[in-house]
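FYI, side chains are in, hydrogens and waters are out, and symmetry mates aren't considered; it's all heavy atoms of this structure. Keep in mind the model is a prediction, meaning the values are calculated, not measured.
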Amino acid sequence: MIYLFVVGLTAAMTTALPPSSDLKELVSLAAERLLLADRVAAAKFGTDQPIDDPAREQQVLDRAAAMATEAGLDPAETVAFFRAQIEMSKTVQRGLFDRWTRHPERVPAERPDLVTEVRPHLDRITAAFVGRLAATANLRAATRRCRDLLLLAEGEADRRHRLDPLHEKALRGAIAPICTG
């Protein structure tokens, strides 16, 4: 019964609301960034590198604020969005650390290099985020329309990226700031 309600609601929302490819891309980028958290966790697991890296996090937030200013966005709102991305990435990393501690046979066989292999992808997503935030500026507000479109975009990202429950939960947290402006 609940499934039919959700399917019906989704179908009704799809026909009643115009698509927002920029919002879908913003949410998809958030999912992509969360999936990169797996590689960050694989690089750190079993080393002395902590999940929390305040210096690196501040670099990301400072860069986001500067890029927001250049793009004509509110730096404080942009930093809040990026802070959510960072926190949810750490949520994924903690979940994976816990999983790998309980099931050592699931630890990834290779340890990617954070600086040369992972951060370039994260930096590309950072730049793309700012572009999508600018493109969705007129949509991102505490409105029903924004929340409905965000729900649709989240469902599409879940399916597109085949997110597991850990990443689904993190995605909800990562996109929470989108419709609060």
Measuring from atom [atom1] of [X] to atom [atom2] of [Y], what distance do you get when rounded to the nearest 0.5 angstrom?
X	Y	atom1	atom2	value
Phe45	Gln93	CZ	CD	12.5 Å
Leu26	Leu133	CG	CG	5.0 Å
Phe81	Ile175	CZ	CD1	9.0 Å
Leu149	Ile178	CG	CD1	11.0 Å
Thr91	Ile51	OG1	CD1	9.5 Å
Ser28	Leu171	OG	CG	9.0 Å

Taking the side chain from [X] and the backbone from [Y], do they hold a donor-acceptor pair closer than 3.5 Å?
X	Y	value
Lys44	Gln49	no
Thr143	Cys146	yes
Glu117	Asp113	yes

Taking the side chain as C-beta and beyond, is there a heavy-atom pair between Asp22 and Leu139 under 4.5 Å?
no
Would you mind reporting whether Phe129 and Arg33 have side-chain heavy atoms less than 4.5 Å apart?
yes
Nearest heavy-atom neighbours spanning [X] and [Y]:
X	Y	result
Val27	Ala157	CG1-CB, 3.8 Å
Ala37	Leu96	O-CD1, 4.5 Å
Asp123	Arg63	O-NH1, 3.5 Å
Val79	Ala65	CG2-CB, 3.7 Å
Thr101	Pro104	O-CD, 3.9 Å

Under a 3.5 Å threshold, yes or no: a donor from one side chain and an acceptor from the other, between Asp38 and His167?
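Result is yes, a qualifying pair exists.
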With no hydrogens and no angle check, do the side chains of Ser89 and Gln85 hold a donor and an acceptor under 3.5 Å apart?
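Note: Ser89 and Gln85 side chains miss the donor-acceptor criterion.
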Salt bridge or not for [X] and [Y], using N-O below 4.0 Å?
X	Y	answer
Glu57	Lys90	yes
Glu156	Arg159	no
Lys169	Asp164	no
Glu154	Lys24	no

For Arg94 and Asp98, run salt bridge (Lys or Arg N to Asp or Glu O under 4.0 Å): C-alpha distance rounded to whole Å, both residues' side-chain angles, the deciding distance at 0.1 Å, then the answer.
CA-CA 6 Å; Arg94 287 185 187 100; Asp98 181 56; over 6 Å; no
